[in-house]
Amino acid sequence: MKKSIALLPGDGIGPEITAQAVAVLESVAKKYSHEFLFTQALVGACAIDACGDPYPDATHEICRKSDAVLFGAIGDPKYDNDPTAKVRPEQGLLKMRKSLGLFANLRPIAPFASLRESSPLKNGRIEGVDLIIVRELTGGLYFGEPRGRDNGGARAFDTCLYSREEIVRVARVAFNLARGRKRHVTLVDKANVLETSRLWRETVKTLHDEEYADIALDFMFVDNAAMQLVTSPAFFDVLLTENLFGDILSDEASVITGSIGLLPSASTGADVALYEPIHGSFPQAKGKNIANPIATILSAAMMLDSFGLAAEASAVRNGCRKAIEEGVVTPDLLTAAERESGGKGYSTTQVGEYICRNI
Ligand code: IPM
Ligand code: MN
């Protein structure tokens, strides 16, 4: 199989972790006789530095023409505490999502058994946890107009906006996924307060009754969902929600596994799909060769699945599992005891090389 992949390392640790995912994909290509062609492009703070635009047209062209996009992370501290910055790295990510039509963001959360002790949840609460968050990605407060300031800058507003069509297309993704899983979808919203949430409930229920009656559908308010995710995470199978709620809940859910450095994601839409770790650019670790590459490598596994390469994807997942089981892990996954006894863990490149050797 021959596939073209747009490679967008981005900022911070992005280049280090994507380099390991590329190495793993190259090992897969060699072992299974495929050809993956990588074309690198700029996004985020590095794109602003190079050409003043966090998502340049040239990058968009490369993404559009590729079979998939592998993305690292964006963000740079020099923008975080400067509310006056007109151009920000995050705008690149939002523009990329919108212009590639990536309306469904899939964030699977399935803890590795050997990392049970690293989870902050105790008393067997993570037993049986295997959920996937389906986050709407191109609507809601992130994109709604109008937004801005009035009263001479003393008042600010954002708009939460959803159309029935935007809800239906992402709900379909959730229901279809549920058919290959435990057939259970939970819609998370704030329908007791928000009109957009009431439209979500009504639309998802109608779609369910008309086309997906074989799936169990329930509804949960987002404040309660935030609590249930840590008290009974095994309740969830497919958690469907709007953009901002999904952003918040997926960070919360990620810590259940012990490290946010393990969680992959896929953003899908009309044509090309994008694969990225759910963590950010971790600027404190930039250039230190200590960032966990596994989230990005598992994102590459999701990409292989989307190419229909199931055996290859599970070889990658098994490689990651083996690295974790054998303790070939970056410092974020060391136990407190290992750290106290002077354990330093392995480097980003050592973990990547170990996984490559195990493909
Ligand atoms: C994410 C990130 C982004 C988001 C930021 C960087 C704009 O937090 O992918 O979850 O809020 O969507
Ligand atoms: Mn986020």
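Index from 1, following the sequence. As the structure lists them, so they are numbered: ligands from 1, and atoms in each ligand from 1. Side chains are part of it too, since the values below use all heavy atoms of this structure and drop only hydrogens, waters and symmetry mates.
- Here Phe175 pairs with His208, Tyr212 under the ring-ring contact (aromatic ring centres under 6.0 Å, His included) rule; sequence neighbours left out.
- The Mn ion (ligand 2) has Asp247 OD1 as its protein N, O or S neighbours under 2.8 Å.
- To the nearest 0.5 Å, the span separating CG on Asp247 from CD1 on Ile133 amounts to 10.0 Å.
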Between Arg181 and Asp130, is a salt bridge (Lys or Arg N to Asp or Glu O under 4.0 Å) present by the stated rule, with each step listed? CA-CA 10 Å; Arg181 302 174 48 99; Asp130 180 4; 3.5 Å; yes

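- Salt-bridge annotation for Arg164 and Glu202: present, with a side-chain N of the basic residue lying under 4.0 Å from a carboxylate O of the acidic one.
- Without hydrogens or angle criteria, Thr330 side chain to Ala291 main chain gives no donor-acceptor distance under 3.5 Å.
- At distances below 3.5 Å, at least one donor-acceptor pair connects side-chain atoms of Arg135 with backbone N or O atoms of Asn243.
- Side-chain contact annotation: Tyr162 with Thr203, donor-acceptor N/O pair under 3.5 Å absent.
- Heavy-atom neighbours of Lys98 NZ from other residues, nucleotides or ligands within 6.0 Å: above the threshold of 12.
- Scanning for side chain to side chain contact (heavy atoms under 4.5 Å, CB included) contacts around Val22 gives Leu7, Glu26, Phe38, Leu70, with sequence neighbours left out.
- When heavy-atom distances to ligand 1 are checked against 4.0 Å, the residues falling inside are Glu90, Leu93, Arg97, Arg107, Arg135, Tyr142, Asp247, ordered by chain and number.
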